[in-house]
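All values reported here derive from a predicted model rather than from experimental measurement. Numbered from 1 within each chain, the chains take letters A, B, ... in sequence-line order.
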Amino acid sequence: MAANQRTLVTGVIGSDTHIVGNRILSMALEKSGYKVVSLGALTPAGDFVKAAIETAADAILVSSLYGQGELDCRGFRDLCVEAGLDHILLYVGGNLIVGKHPWPAVEKIFLDMGFDRAAPPGTRVETVIEWLHEDFATRDRDLRRALD
Amino acid sequence: MAANQRTLVTGVIGSDTHIVGNRILSMALEKSGYKVVSLGALTPAGDFVKAAIETAADAILVSSLYGQGELDCRGFRDLCVEAGLDHILLYVGGNLIVGKHPWPAVEKIFLDMGFDRAAPPGTRVETVIEWLHEDFATRDRDLRRALD
Amino acid sequence: MNAPAAPDAATRLPLSEAPIPDEVFQNMRRANLARWPTGAEVDIDAAVERHKALPRHKQLAWVMREADRQRRCLTQPRGGCGTFNMHRDLMVTLDREGLADVVPTTTDSYTRNEQWQLAQHGIEESEKAGRSLLNGYPMVNYGVAKASQLVDAIDKPAIMLTGTAMPMLTGEIGYAGGYSGYLGSGIAYTTSYIKELTIEEGIRNYQYLDRLAALYQARGVELHRRQPGFLTGTNVPPSIAIVTCVLDCLLAAAQGVRNYGLEMGETLHLIQDAAAVAACRELCQDYLAKKGHRDVFTPVTLLHWMGAWPHDDAQSAAMIAYGGTLAAIAGANSVTTKSTHEAYGIPTPQANAEGLRMTRTAIYLARNIRLDGLPEYEREKALIGREVRPIVDKVLEMGDGDVAVGTVRAFEAGVLDVPWSPNRGVASRVLPARDADGYLRIVDPGRMPFPGDVMAVHEERLRKRAERENIPYGPDLAVSSVYEMSEPIAKLMSDRWAV
Amino acid sequence: MNAPAAPDAATRLPLSEAPIPDEVFQNMRRANLARWPTGAEVDIDAAVERHKALPRHKQLAWVMREADRQRRCLTQPRGGCGTFNMHRDLMVTLDREGLADVVPTTTDSYTRNEQWQLAQHGIEESEKAGRSLLNGYPMVNYGVAKASQLVDAIDKPAIMLTGTAMPMLTGEIGYAGGYSGYLGSGIAYTTSYIKELTIEEGIRNYQYLDRLAALYQARGVELHRRQPGFLTGTNVPPSIAIVTCVLDCLLAAAQGVRNYGLEMGETLHLIQDAAAVAACRELCQDYLAKKGHRDVFTPVTLLHWMGAWPHDDAQSAAMIAYGGTLAAIAGANSVTTKSTHEAYGIPTPQANAEGLRMTRTAIYLARNIRLDGLPEYEREKALIGREVRPIVDKVLEMGDGDVAVGTVRAFEAGVLDVPWSPNRGVASRVLPARDADGYLRIVDPGRMPFPGDVMAVHEERLRKRAERENIPYGPDLAVSSVYEMSEPIAKLMSDRWAV
Ligand code: B12
Ligand code: B12
């Protein structure tokens with residue numbers, strides 16, 4: 001495990017103080033074997049990218065609960081690309097926009113922004129762990145195929 | 001007052017036991033000066049007509065709360081006409097059909113059956129008293145015009 | 001109305017509380033089952049087998065006992081539709097989406113009045129319209145096999161809710177189909193659901209049903225019987241409800257019933273409801289013991305507000321939730337629920353299921369709260385005892401110890417009375433109203449022999465309210481109390497300040 | 001983030017609880033108001049006139065006192081939109097359709113963090129999108145005249161809800177516009193709403209705001225200040241909330257505040273909440289008296305459940321209604337409401353208004369109930385006292401009698417702690433969880449000096465739950481308690497029977 005242990009960066013983006021879910025998520029990810037770099041609440045977008053570079057992270061998990069994620073997350077994928085993190089796995093989750101809306105519409109906004117997955121309100125950590133497992137497995141497979 | 005005191009027949013139609021609103025209504029109508037012939041709960045349609053003939057009533061107020069009024073009230077106007085009560089004022093009120101429906105749709109069903117007025121769920125006695133006042137006044141006016 | 005079961009000597013003894021003898025009962029059953037074709041489908045042997053084959057979590061008697069043992073407060077809605085398919089869908093929705101612990105079948109009002117021809121017409125019109133024109137399920141018309149399919153469609157016990165003084169055929173068919181509970185009783189329903197039937201006939205009709213439950217019992221099947229002490233649902237004070245609970249319960253026990261639930265409408269006053277549940281349980285057991293019945297299980301059910309509801313879903317939602325809160329804190333064994341559609345009409349299956357989940361959540365939140373030791377609660381509980389005992393004792397005295405006879409005489413004398421009753425045989429002079437602190441009290445006892453010191457308490461508190469709200473002390477107070485809970489909340493609790 | 005007000009000698013004295021001297025305060029105000037163009041609109045003379053011209057039913061200080069006198073439990077929602085027009089419509093809806101007794105203006109999170117440029121961008125994007133992209137109203141960007149129009153649009157007192165450790169400019173503008181209440185305090189919001197700001201800076205910022213309220217007071221205008229003791233809203237036990245209530249209250253009183261509301265999130269346990277309200281009131285007054293403040297009015301507000309909500313409107317409705325029930329029975333002076341949309345996002349004005357009416361109905365239904373004399377209630381109230389006093393006394397001791405200094409030192413030492421805090425200056429080692437009877441207890445006190453006998457009570461009850469639910473005793477218990485109220489009711493209270 002230790003050898004190819006994956007590194008994840010977590011944090012709550014923008015001016016958002018909702019730390020509880022993010023902290024529980026980070027604890028659970030650590031427990032399930034990941035190296036977690038936990039940036040905490042109120043984290044500017046740039047800090048996520050900086051931390052990902054410094055730790056050669058495999059994925060960034062952005063939390064946004066307070067509704068202004070729609071503003072805070074615009075251009076996040078571009079920031080990553082500019083920093084050379086072209087293929088880093090990007091997840092976002094929480095109460096992503098202001099108000100109660102049908103999930104597919106909200107999901108689309110964030111997938112269009114370049115996130116690989118978006119998690120609806122109330123998503124449980126088990127789901128996130130499954131997603132990571134699947135997505136990393138797919139990437140490994142693709143990588144092996146590319147090498148074949 | 002006593003000389004031209006109007007007579008009203010009240011009751012709850014069909015197999016309907018909901019007597020509370022009907023009793024309160026009857027008490028209030030009496031208090032406001034009408035002669036009220038109160039048939040009580042579970043009253044067959046025919047009994048209303050019989051009572052109206054016997055007392056030379058000016059109006060019949062049918063209560064139906066339990067939802068089956070739609071079945072019980074069909075043909076009520078015809079019964080009256082057959083009995084020679086061609087122009088008797090007919091009101092119906094309560095929870096007239098099964099289920100929660102927009103009121104205009106329900107009202108139409110009962111006006112189409114020949115009722116002069118239909119009262120939505122929760123109608124207060126003050127409203128009923130106003131209606132009677134208006135409708136009797138109109139009839140008096142029409143009568144005077146006809147005599148002129 | 002169809003003719004009542006033939007009143008000849010083989011089927012009719014002089015009125016008494018005594019159990020109906022075997023042979024007489026067999027004659028009665030034969031006559032009863034012959035009144036409508038589906039009656040022939042009832043086969044007691046098959047029915048007994050059917051019940052024995054049900055898993056115990058589908059047997060209401062077991063479920064109520066288990067709820068009591070585990071201190072769970074169960075939820076149960078009402079609901080019935082005019083056609084089999086609609087009704088089955090409703091039951092499934094209440095089970096799955098509503099998480100109902102007990103699934104109901106409310107019968108329609110023609111069935112309640114044994115007007116099976118009219119019910120048949122209602123079925124046809126409902127099929128035609130594609131919506132229910134009946135306010136419940138015509139159990140008798142559809143018969144035993146269909147009832148059985150309904151019970152099979154759900155994974156909970158099924159109860160018949162039939163609000164009728166004439167339960168004999170509906171009860172036979174439902175029980176035979178695997179329904180394990182029946183709500184109804186001779187005193188409660190006769191005083192509250194019918195105009196012309198005498199109290200005596202109502203009692204006789206339910207003696208039949210209770211005797212039927214005892215027959216199953218003798219064959220090794222425990223059925224649940226239940227008393228609707230909510231009566232007319234209109235501001236019935238706990239003491240009046242409990243008097244009928246005690247008397248109906250004694251009548252049922254005399255026929256051999258061993259599982260007998262007691263229901264009361266909520267007063268919507270937390271302390272009064274909690275006191276009522278405790279008092280009801282104690283008083284029934286007390287009188288059962290006095291009459292020598294030591295093994296009757298009497299769980300208590302509270303019902304969501306039974307009077308008029310407001311025309312605002314938000315207000316109604318709060319009343320539904322509070323209804324769960326009250327039942328949980330009162331330690332009721334179950335609560336019977338309503339929906340936000342109550343003031344408008346029979347709810348959709350979804351609205352009904354939502355009412356169940358609201359209630360369930362409310363129960364969860366309050367499941368650990370009890371009021372024992374709260375001085376006001378203890379006082380109220382004692383007060384209820386001081387109200388109930390003199391009436392029940394008087395009834396027993398009037399019947400020379402026979403509950404059936406005493407009850408009939410007491411209604412004639414007005415010693416027993418029910419507020420807002422439609423029945424011609426009930427004086428309905430007793431008038432309840434809500435007092436200054438939100439308790440249901442009695443503004444006019446009619447001829448009910450409540451002790452003077454008790455009535456003084458009622459009057460003092462009601463006068464306080466009359467004064468505060470500037471309503472003349474008397475019937476007007478009762479009428480305004482009928483409307484109270486249905487008033488817009490802006491009127492009940494203004495958001496303005498007196499200047 | 002914009003630069004904080006310049007920290008030079010004329011505006012910054014060594015930290016202490018002492019009132020900010022006149023001249024220093026004038027310098028502080030000048031610097032503060034210069035930070036954004038709309039600051040220039042603040043004119044204290046005009047503001048004083050404005051408040052004096054408001055009818056008293058639009059002045060929150062009067063309204064809270066009157067509610068207390070009449071034993072009314074008021075309702076107040078939250079709510080804010082990103083543009084002026086949307087926000088005005090919201091306030092009007094909450095006033096008229098929601099019957100809100102107090103009408104809020106929640107500011108957006110950029111404004112909370114004094115990122116007024118970002119807020120400006122949010123306004124523009126919201127105008128463009130035709131829906132709010134901000135989670136509140138950008139009070140500073142819109143300025144005094146607009147604030148004033150908002151207050152004029154409603155017929156209730158208006159309160160600022162600004163969840164920030166940096167209240168200085170928002171507070172100036174809102175108060176100048178006729179808002180008569182401000183929710184926020186140095187300890188509570190600094191520990192719960194921000195990551196980098198020190199407790200000391202947070203305290204200083206709120207000393208400014210409290211001093212501002214005292215300035216109005218000196219000019220004859222009573223303003224309402226209020227403390228958000230709900231903190232992180234995540235299973236905060238009453239004792240921890242009340243410790244912060246007491247300390248923030250002493251800080252405010254020292255600056256001259258005379259109307260200081262205390263808020264606590266509901267535990268959703270009826271007895272614990274009722275005990276908490278009584279204990280909070282008593283303990284604050286007790287410590288105020290000890291510090292020589294005899295004329296501070298401290299009404300208590302409960303808040304609807306502040307932790308995670310379920311994704312089912314029916315379940316949420318029950319939690320809303322129960323939130324009103326708890327507040328009424330606890331004798332809270334007001335309750336702050338949520339809606340059935342809580343788990344999803346900021347509610348529509350209609351959903352918000354419905355939450356208000358549900359709550360109002362629940363209050364009406366329980367308005368007469370009190371628990372005084374209930375043994376379990378009295379025990380719980382005493383327990384809270386035994387938890388709060390040792391901590392507060394220790395803080396005062398650590399500050400050599402100065403609350404501000406003691407608080408800063410106590411947080412450094414972990415003597416003061418807040419569960420689930422985002423702030424780097426807070427240990428956040430204390431961990432609460434729900435016990436077997438539904439009370440919020442402390443599973444790990446961190447370094448908070450709760451007495452051993454008290455902790456023994458907590459541990460015993462929590463172990464019971466851990467055992468029953470087969471969860472290891474420790475942080476897992478705290479995590480499962482975070483989720484509990486958001487779980488589907490089918491999971492919390494199964495409709496199945498163990499076989
Ligand atoms: C109390 C009550 C009962 C009591 C009745 C006691 C009694 N003997 O009177 C009991 C418990 C016995 C009962 C039984 C049943 N009930 Co019921 N009951 C109610 C309830 C809660 C209140 C009715 C009431 O008393 N209101 C107070 C009075 C003052 O108001 P009111 O009756 O509406 O009358 C006023 C106005 O409507 C108007 N008005 C009345 N009549 C007339 C006539 C005219 C001409 C005019 C102009 C005005 C007018 O003036 C009156 C005074 O202001 C209502 C729901 C609600 N409204 O909240 C359900 C309700 C009426 N019941 C209903 C049903 C279905 C039943 C049952 C079939 C059982 C069931 N729920 O499954 C049985 C019926 C038995 C039978 N055979 O009839 C349904 C009807 C459904 C529908 N229409 O779709 C309702 C609407 C509940 C529901 N949503 O399901 N019920
Ligand atoms: C607790 C809470 C607070 C606490 C936060 C305490 C703290 N420091 O953390 C306090 C009281 C301080 C607070 C403040 C505010 N809050 Co708040 N808050 C909540 C609440 C009730 C629960 C949040 C929570 O802790 N949930 C429990 C945890 C375990 O779940 P979670 O956070 O959802 O996280 C899980 C999943 O979402 C997922 N997940 C999380 N992040 C990620 C990331 C990825 C990549 C993935 C895959 C998954 C994932 O996994 C987590 C673990 O299961 C929610 C509503 C709700 N959910 O019921 C509102 C809510 C989030 N708050 C809201 C708002 C608006 C605010 C405020 C602006 C004030 C206000 N209400 O007006 C301020 C914001 C201040 C600021 N600058 O940020 C809104 C957001 C509205 C919207 N999006 O439309 C909500 C939805 C309430 C509402 N309906 O209005 N809040």
Side-chain angles (χ1 to χ4, degrees), chain C residues 55-57 63 66 72 75 95 99-101 155-156 268-271 310 312-322 324-325 329 353-377 436-439 489-490 492-497 499, chain D residues 55-57 63 66 72 75 95 99-101 155-156 268-271 310 312-322 324-325 329 353-377 436-439 489-490 492-497 499:
Chain C
R56 60 187 188 178
H57 70 267
V63 163
E66 195 59 17
R72 270 168 75 163
T75 61
D95 175 4
L99 310 170
D101 295 301
D155 200 28
K156 309 285 174 61
L268 288 182
H269 189 288
L270 175 61
I271 293 173
D312 172 16
D313 284 13
Q315 259 179 266
S316 293
M319 284 170 60
I320 291 167
Y322 200 47
T325 304
I329 296 180
E354 275 164 29
L356 279 161
R357 294 204 304 280
M358 281 181 205
T359 308
R360 198 172 193 85
T361 305
I363 292 170
Y364 180 73
L365 293 170
R367 70 201 177 286
N368 297 301
I369 315 291
R370 289 294 180 280
L371 298 184
D372 302 80
L374 182 71
E376 197 176 332
Y377 163 84
D437 302 311
Y439 288 87
I489 186 62
L492 293 174
M493 203 169 100
S494 169
D495 60 333
R496 305 285 146 182
W497 296 94
V499 231
Chain D
R56 61 187 187 177
H57 71 267
V63 163
E66 195 61 15
R72 270 168 74 162
T75 62
D95 175 4
L99 310 170
D101 294 301
D155 200 28
K156 308 285 174 61
L268 288 182
H269 189 288
L270 174 62
I271 293 173
D312 172 16
D313 285 12
Q315 260 180 265
S316 293
M319 285 170 59
I320 291 167
Y322 200 48
T325 304
I329 295 181
E354 275 164 30
L356 279 161
R357 295 204 305 281
M358 282 181 205
T359 308
R360 197 172 194 84
T361 305
I363 293 170
Y364 180 73
L365 292 170
R367 69 200 179 287
N368 296 301
I369 315 292
R370 289 296 181 279
L371 299 183
D372 303 80
L374 182 71
E376 195 177 333
Y377 162 85
D437 302 310
Y439 287 89
I489 185 64
L492 293 174
M493 203 169 99
S494 169
D495 60 335
R496 304 286 146 180
W497 296 94
V499 228

With a 4.5 angstrom heavy-atom cut-off, is it the side chain or the backbone of [X] that approaches chain D, or both, or neither?
{"X": "C/Leu371", "result": "both"}
{"X": "C/Ala353", "result": "neither"}
{"X": "C/Ser494", "result": "backbone"}
{"X": "C/Tyr322", "result": "side chain"}

Any D/Arg360 side-chain heavy atom under 4.5 Å of C/Asp495 side chain: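 Yes, close enough: below the 4.5 Å cut-off.
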
Flag the one option from [options] with the top tally of heavy-atom pairs under 4.5 Å to chain C.
{"options": "D/Asp155, D/Asp95, D/Asp312, D/Asp313", "result": "D/Asp312"}
{"options": "D/Thr325, D/Asp101, D/Thr75, D/Leu365", "result": "D/Leu365"}
{"options": "D/Lys156, D/Arg370, D/Arg367", "result": "D/Lys156"}
{"options": "D/Ala314, D/Ala100, D/Ala321", "result": "D/Ala314"}

Could you tell me which non-hydrogen atom of [X] sits nearest to which non-hydrogen atom of [Y], and how far apart they are?
{"X": "D/Arg72", "Y": "C/Arg496", "result": "NH1-O, 3.4 Å"}
{"X": "D/Trp497", "Y": "C/His57", "result": "CD1-CB, 3.8 Å"}
{"X": "C/Ala362", "Y": "D/Ala318", "result": "N-CB, 4.0 Å"}

Partners passing salt bridge (charged side-chain N to carboxylate O under 4.0 Å, His left out) against D/Glu376 (at least two apart in sequence or in another chain): none

Interface moiety of D/Asp372 toward chain C, non-hydrogen atoms closer than 4.5 Å: backbone

Derivation and outcome, side-chain contact (heavy atoms from CB on, under 4.5 Å), residues C/Leu492 and D/Thr361: CA-CA 9 Å; C/Leu492 293 174; D/Thr361 305; over 6 Å; no

Side chain C/Arg357, main chain D/Ile489, donor-acceptor under 3.5 Å: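 Checked: no pair found.
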
Winner by heavy-atom pair count (cut-off under 4.5 Å) against chain D, out of C/Gln315, C/Met493, C/Glu354: C/Met493

Spacing of CG belonging to C/Asn368 relative to CD1 belonging to D/Ile271, to within rounding of 0.5 Å: 9.0 Å

